[in-house]
Undergrad: 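Sharing a structure, written as structure tokens. Questions coming.
Throughout, a chain's letter reflects where its sequence line sits, starting with A, and its residues are numbered from 1. Remember, it's a predicted structure, so these values are computed and weren't measured experimentally.
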Amino acid sequence: MTARELDRVVIRFAGDSGDGMQLTGDRFTQDTAAFGNDLSTLPNFPAEIRAPQGTIPGVSSFQVHFANYDILTPGDRPDVLVAMNPAALKANVGDLAKGATIIVDAHDFTKRNLTKVGYAESPLDDGSLGDFAVHALDLTGMTVEAVKEFGLSRKDAARAKNMFALGLVSWLYGRDVTGTVSYLTEKFAGKPAIRDANVAAVRAGWNFGETTETFAVSYVVKPAQVPAGTYRNITGNLALAYGLIAAGVRSGLPVFLGSYPITPASDILHELSKHKAFGVTTLQAEDEIAGIGAAIGASFAGSLGVTTTSGPGIALKSEAIGLAVMTELPLLVIDVQRGGPSTGLPTKTEQADLLQAMYGRNGEAPVPIVAPQSPGDCFAAAVEAARIAITYRTPVMLLSDGYLANGSEPWRIPDVQILPTIDPAFATADGEAFLPYSRDPETLARPWAVPGTAGLEHRIGGLEKADGHGNISYDPANHDLMVRTRQAKVERIAESLPPLEVDDPSGPPGSGAKVLVIGWGSTYGPIGAACRRVRRAGYHVAQTHLRHLNPFPNDLGDILRRYDRVVCPEMNLGQLSKLLRAEYLVDVRPITSVRGLPFGAEQLSEDLIAHLTDVEDPQ
Amino acid sequence: MSTTALGIPSFRSGTESVPAAEGPQTAKEFASDQEVRWCPGCGDYAVLKAVQSFLPDLGLRRENIVFVSGIGCSSRFPYYLDTYGMHSIHGRAPSIATGIATAREDLSVWVVTGDGDALSIGGNHLIHALRRNVNMTILLFNNRIYGLTKGQYSPTSEIGKITKSTPVGSLDHPFNPVSLALGAEASFVARTIDSDRKHLTSVLAAAAAHRGTSLVEIYQNCPIFNDGAFDAIKDPDTKDHAIIPLEHGKPITFGTRGADGHGDKGLTRGPASGIEVVDVAQTGLEALLVHDAHHPDPSTAFAISRLTDSGYLNRSPHRHLPPGRAAHLRRPRPPTGHRRPRHRRGQRHRPAHPAHQRRRHLDRRLSTSTRPARTPLHDLCDRAALRRRQGQGLRRRVPLSTASTRASGCCTSTPTSASTAAPVSRSVLRRRSSTRTTSRMS
Ligand SMILES: Cc1ncc(C[n+]2csc(CCOP(=O)(O)OP(=O)(O)O)c2C)c(N)n1
Ligand SMILES: [Mg+2]
């Protein structure tokens, strides 16, 4: 038995939606995070809770990429595929790298299951998998055998086969399963037989790898070198929830979440509902409109109002977002984007709500927009969104997406003390007549006067308000002034933003690379990984990524104009490209993909190289 | 720990956690500097006056009172009160108020809404606010019309209502807001009328004292688009017969009052599940139903609420409910894409050419509009107190499913006495007639 060292590995666990593949992948990820690798994950599952068994639409998978250096994506092509049935094999085999390892549960490769997915003959026998190292193992049979002492029904016993597979793959890559064992012990504390069977299955899988000679080699992927600190594995939704709590702590405001469940945003509601101790109140409303309504009410009353949803929910909230624009109250509107339009692809990712966030309201209703770039970055993005909302008294849209929400990466737990403090600066009575629509000269923000403050009684609402005293006004000049003022206030935010960072190893902007790749949100990882590939292939390319989409950073126009070509990969049909073209008159070239999946770095690097060669060598 | 184990104290009033005013207050202090801009004669003036003079009696700090409204004529209300206020968006005020009340227990939260605002676009928020039972009071101004958008029919307009959008009469069956609220698990429901200041004020006091969501339906006249909608219950000649006053612990009577103060008509339990109108002379007082505003089961309150003949209040001559009338209360169902008419007894439905069907159906509806105008007023139901006292319902009392649970506790039982409807103080309405109207669309 030899152990071979690798710098990175991509594993995909695939099976029926009832096979527990998400749990298997998640457990492998947690053990890998504990081991100290850098990692990135991509869960991919059907919208149905239980799609028809054994069919391609019913396949659920979890991909994890781990390495001894910092990685940016969950990886394009798995090195290992664990396929629990023929459907899982068929759905995933096309993505594998040549020479990849395939582990299948031979038990499920029955005639019936094969025909169900259109295999005339078993791919295990017909030579079609010749490019791969195939291990057809009776995972179900071995699992049932390993757990028989616990007296479970055959069906229940067989259900532990995912844990057997996990044990086996853990052995193959030298992962310690202690974390998984204690997880199972806790999770099934009330069901001793199930608990013991699952633990036994993990151990049996590990021991099977160790004692049989099925696998001639095992692999070592050493921990990654990372800055010192305490790390944990975190998904985007969890990081976002923590970011909101941190924003509450740093602003001294109670956090109030009004929300209605929707995939892929619900986990933020679930998480925040556990944190009363941090001053968090959550309200599961009767619909999205009531969710934002309650959040606006809470903001008026002096809380940090937050509402979380996905694209369809934003559509319902539009009118209320306009109310928050008009009343100039702090509010966070979190859109975890999914495939659209309409119900679209609930469990798949997309970035096609940018223009909805930007313009999806009646009237001139500017709303600042921020976007996180990785799962862990959702934390910082939430704090930044809260800073803007509270400082400028405005609703702020935060655009996450399904990939960030469910994907995970190691995240260094920040020291709360170094997070920015946010001053709510509530209005106080000074004996003068209170002017609810007077403005801070620097930020153009209006005073936030909270009920309970004597002397500041005032009325706000959706009707146009007169500058200063805020009474209803239909005066043409006043409306013109107020529309422009609300716009100017949002534009003012750019003054508070740091210079945009451009990553260009070939030199300062304009000297080396002729092509700039610009992106926003979750494409950061794939774009970064593609740029690394492009540079390894000998090209110069510059990369920049936008956290702020409204307003854009002040230096963005200059940066764009320094390059011969600006390329913008987006998971939509070119929404940021449109905004950039309109704002800066720069011929931004979109690279678009709306497949419900993040960009693959390999394909993207080819697309970038096409642009690079085009610029170097125009035809 | 689960939310039910939080040990929420009982016997709490709706205003208990709101700081009290330091000294006496005046109605004037509660009037904002904004010119009131409803149409001359609008019932909203009377309600505004009543609220402005009631608030000082409530004795809370002005800065701790918040009025939230939706959109509609009535929803301009907050601008005229010198408290905190938000005039929000159409139908959503209950959700905004829920956020305010949940975030801040130290605020007295009021919602002002119209029949269109609360029951049409905001119907979902209303029913969920009622079942959720966060501590706030909802004042539903029911003029049975869309006032602000210039007179389309509303969810409380009677069948056959001719409006701009229903030139040959509306087809829709109206909501009875009290029945709706009771069905939505409301813990406090009352009905009153703009013209009876004393009664309105007593209802406001009871609603504010109730901890939980109180719904107060206020019949409000719109002199421009639905004038006279409530004449039958305002006219001194008919109102005693049209209003069924409900007083906790008292037998329910109405009609011509005798020396003992009781009316000549009363309510008893009907043979089936309903309520029957009887001659007190024949049955005696002992046979009458005694109003129990705190009964934990809303069935009787619901049955009483059904006596409101919501369809025909403003056009029907006053008549007694014929015996067995309840059998006619079947809701029409649409047979072939059209609503089926409400049949008279014995009349059979004959298939008609679809083109004629609608017309005929309207004719029938109009022709059956001979119901008495009659409506029970005052708090039909204040269930929280009793449920609390019995230690029941704690679970339903907890308003939030979630992290910070600020339970709405309960009210102390303060059964308020109901007065009968007093004549409208016309002078109040006329005094305003010089006020100019403003642009009306929103
Ligand atoms: C989203 C939206 N839809 C429609 C309107 C137009 N609108 C304003 S008030 C109203 C009806 C108001 O009726 P009601 O609630 O009965 O109030 P009233 O004016 O009678 O007091 C309508 C349809 C609006 N403002 N917003
Ligand atoms: Mg109305």
Side-chain angles (χ1 to χ4, degrees), chain A residues 254-259 269 271-287 289-305 307 319-320 322-323 326-327 329 429 433 449-463 469 471-472 474, chain B residues 18-19 30 32-34 37 61-69 71 75-76 78-104 106-109 122 124-125 127-129 131-132 134 399-406 438-439 442:
Chain A
V255 173
F256 183 101
L257 174 71
S259 184
L269 167 64
E271 183 61 31
L272 286 177
S273 66
K274 298 179 204 158
H275 295 290
K276 180 184 170 165
F278 285 113
V280 179
T281 300
T282 61
L283 173 75
Q284 181 178 316
E286 59 272 20
D287 62 22
I289 303 174
I292 188 172
I296 289 173
S299 280
F300 180 61
S303 293
L304 174 57
T307 190
E319 190 194 12
L323 176 67
M326 204 66 162
T327 51
L329 288 169
V450 173
T453 319
L456 302 188
E457 295 84 1
H458 68 288
R459 277 65 55 193
I460 56 175
L463 285 171
H469 56 70
N471 292 327
I472 301 171
Y474 301 116
Chain B
V18 184
F30 280 93
S32 78
D33 59 356
Q34 294 300 291
R37 294 177 172 187
R61 286 200 197 165
R62 200 154 48 86
E63 65 269 22
N64 285 72
I65 298 175
V66 184
F67 274 78
V68 186
S69 63
I71 298 291
S75 288
R76 297 291 174 96
Y79 289 120
Y80 307 133
L81 285 175
D82 199 8
T83 63
Y84 281 86
M86 192 192 301
H87 175 225
S88 71
I89 43 177
H90 202 17
R92 319 300 173 193
S95 64
I96 291 166
T98 297
I100 297 173
T102 310
R104 295 277 301 275
D106 62 328
L107 301 178
S108 172
V109 181
N124 198 36
H125 306 309
I127 56 176
H128 288 279
R131 80 172 167 84
R132 202 178 276 127
V134 168
L400 300 187
S401 57
T402 52
S404 172
T405 300
R406 313 198 182 173
T438 54
S439 93
S442 216

Undergrad: Does any backbone or side-chain atom of A:Thr453 lie under 4.5 Å from a heavy atom of chain B? Answer side chain, backbone, both or neither.
TA: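 Interface part for A:Thr453: both.
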Undergrad: With a 4.5 angstrom heavy-atom cut-off, which part of B:Arg61 approaches chain A: side chain, backbone, both or neither?
TA: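 When you check distances to chain A, no heavy atom of B:Arg61 falls under 4.5 Å.
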Undergrad: Is any side-chain heavy atom of B:Asn124 closer than 4.5 Å to one of A:Ile289?
TA: no
Undergrad: State the OG-CD1 distance between A:Ser303 and B:Ile100, to the nearest 0.5 angstrom.
TA: 10.5 Å
Undergrad: Side chain, backbone, both or neither: which part of A:Leu456 has a non-hydrogen atom closer than 4.5 Å to chain B?
TA: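 For A:Leu456, the contact with chain B is made by backbone and side chain together.
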Undergrad: Any idea which of B:Leu107, B:Asp82, B:Asn64 has the most non-hydrogen atom pairs under 4.5 angstrom with chain A?
TA: B:Asp82
Undergrad: Should B:Val68 and A:Phe300 count as side-chain neighbours, where that means a heavy-atom distance under 4.5 Å?
TA: no
Undergrad: Please identify, among A:His458, A:Glu457, A:Glu319, the residue contributing the most non-hydrogen atom pairs under 4.5 Å to chain B.
TA: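 Max contact count across the listed options: A:Glu457.
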Undergrad: With the side chain counted from C-beta on, respond yes when B:Val109 and B:Val134 share a heavy-atom pair under 4.5 Å apart, and no when they do not.
TA: no
Undergrad: At what distance, to the nearest 0.5 angstrom, does CD1 of B:Ile127 lie from CZ of B:Arg132?
TA: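 Taking CD1 in B:Ile127 and CZ in B:Arg132, the distance rounds to 10.5 Å.
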Undergrad: Identify the heavy atoms of A:Gly302 and A:Val450 that sit nearest to each other, and give their distance.
TA: CA-CG2, 3.8 Å
Undergrad: Counting heavy-atom pairs under 4.5 Å to chain B, which of A:Pro451, A:Ala294, A:Gly293 comes out on top?
TA: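 Between A:Pro451, A:Ala294, A:Gly293, the count favours A:Pro451.
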Undergrad: Go through the atoms of B:Thr83 and report whether side chain, backbone, both or neither lie under 4.5 Å from a heavy atom of chain A.
TA: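 Just its backbone gets close to chain A.
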Undergrad: Between B:Asp106 and chain A, with a heavy-atom cut-off of 4.5 Å, which part of the residue counts as in contact: side chain, backbone, both or neither?
TA: neither
Undergrad: Output all residues satisfying side-chain contact (heavy atoms from CB on, under 4.5 Å) with A:Ala290, sequence neighbours left out; order by chain, then residue number.
TA: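 Here the qualifying residues are A:Ala285, A:Glu286, A:Asp287, B:Ser95, B:His125.
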Undergrad: Heavy-atom pairs under 4.5 Å with chain B - which of A:Gly462, A:Gly305, A:Gly461 has more of them than the others?
TA: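 Max contact count across the listed options: A:Gly461.
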Undergrad: So for A:Ala277, is it side chain, backbone, both, or neither that comes closer than 4.5 Å to the heavy atoms of chain B?
TA: neither
Undergrad: With a 4.5 angstrom heavy-atom cut-off, could you sort out which part of A:Ala295 is near chain B: side chain, backbone, both or neither?
TA: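 Neither; nothing under 4.5 Å.
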Undergrad: Picking from A:Ile296, A:Leu257, A:Ile472, which has the most non-hydrogen pairs under 4.5 angstrom with chain B?
TA: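 Top count of heavy-atom pairs under 4.5 Å with chain B: A:Ile472.
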Undergrad: Can you tell if the side chain of A:Leu463 reaches within under 4.5 Å of the side chain of A:Tyr474, non-hydrogen atoms only?
TA: yes
